Amino acid sequence: MEIIFLWPGKTKNRYLRFLQEDYLAKIKLLSRVNLVETAAAKGLDEKHPELIMEKEARGLEKYLKDGYIICLSDKGKELTSEELARLIEQQAAISSRNLIFLVGGFLGLAPRLMAKADFKLSLSRMTFSHELARVVLLEQVYRALSLIKGYSYPK
C-alpha cells in the first residue's frame with residue numbers, strides 16, 4: 001500500500017512548505033508515500049467558487065483510481081491519533097489499494113469529489129488554512145505510522 005497525499009496547488013508559505021517536506025521525509029522512512037500537487041485554479045474570480053472547485057476537481061480526479069479515499073472535511077469525523085493509526089493499519093491489512101488523502105484548496109473540495117470519499121476526516125472543529133491543514137495532516141499520518149511501527153513519537 002502506498003500513501004498518497006493529493007491537493008491542488010503548491011504550498012506557498014515557505015515555513016509551512018519546510019514543515020511539509022520535513023514530515024514527508026519522515027513518512028518516507030516508514031511507508032511508501034507520494035505527494036501529488038495538481039494545478040490550482042487561476043484567473044477565476046472568487047465570486048464564482050463553484051467554478052474554482054470544479055476546475056481543481058478536474059485535476060484531482062485523474063489521481064483517484066484504485067484507492068481508499070479519505071477526504072478532509074470540516075463535516076468529517078474527528079479521530080484521535082490512535083484511531084487514525086488503526087484506520088491506516090486496517091486499510092493496509094484488508095486491501096492493497098492505495099490510501100489517498102485528498103485535501104481541497106482554499107475553498108475546499110467540489111461536492112462530487114466529496115461523494116467519492118470512503119471516509120471523511122476532520123482534523124478539528126476549528127478552521128485551518130488549507131496550507132496549514134496539509135502540515136497538520138502530514139504530522140498526524142507520521143504520528144500514526146510511528147504508532148503502528150511501535151516507535152515512540154519524538155518530542
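One-based numbering along the sequence shown. Since the model is a prediction, treat every value here as computed from it, not as a measurement.
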*Asks:* Sequence neighbours left out, what passes side chain to side chain contact (heavy atoms under 4.5 Å, CB included) with Lys28? Give chain and number order.
*Replies:* Val33
*Asks:* From Leu79 CG over to Ser122 OG, what is the distance, rounded to the nearest 0.5 angstrom?
*Replies:* 9.0 Å
*Asks:* Hey, can you pull the donor-acceptor pairs under 3.5 Å for the side chains in residues 63-77, sequence neighbours left out?
*Replies:*
residue	atom	partner	partner atom	Å
Lys65	NZ	Lys62	O	3.3
Ser73	OG	Lys75	N	3.0

*Asks:* Got a sec, which pairs hit salt bridge (Lys or Arg N to Asp or Glu O under 4.0 Å) with one end in residues 49-60, sequence neighbours left out?
*Replies:* Glu54-Arg58, Glu54-Arg112
*Asks:* Between Gln140 and Ser81, do the side chains contain an N or O donor and an N or O acceptor separated by less than 3.5 Å?
*Replies:* yes
*Asks:* Could you list all the salt bridge (Lys or Arg N to Asp or Glu O under 4.0 Å) pairs where at least one residue sits in residues 122-142, not counting sequence neighbours?
*Replies:* Glu139-Arg143
*Asks:* Are side-chain heavy atoms of Leu138 and Phe101 found at a separation under 4.5 Å?
*Replies:* no
*Asks:* What residue among Leu19, Leu16, Leu35 forms side-chain contact (heavy atoms from CB on, under 4.5 Å) with Thr11?
*Replies:* Leu16
*Asks:* So do the side chains of Thr38 and Trp7 get within less than 4.5 Å of each other, counting heavy atoms only?
*Replies:* no
*Asks:* Could you list the cluster mates of Leu147? Members are the ILVMFWY residues connected by side-chain heavy atoms closer than 4.5 Å, either directly or through other members.
*Replies:* none
*Asks:* Is it true that Glu21 and Lys10 have a side-chain N and a carboxylate O under 4.0 angstrom from each other?
*Replies:* no
*Asks:* With sequence neighbours excluded, tell me which residues meet ring-ring contact (aromatic ring centres under 6.0 Å, His included) with Tyr23.
*Replies:* none
*Asks:* Decide whether Leu107 and Met114 are clustered together by the hydrophobic rule: side chain heavy atoms of Ile, Leu, Val, Met, Phe, Trp, Tyr closer than 4.5 Å, transitively.
*Replies:* no
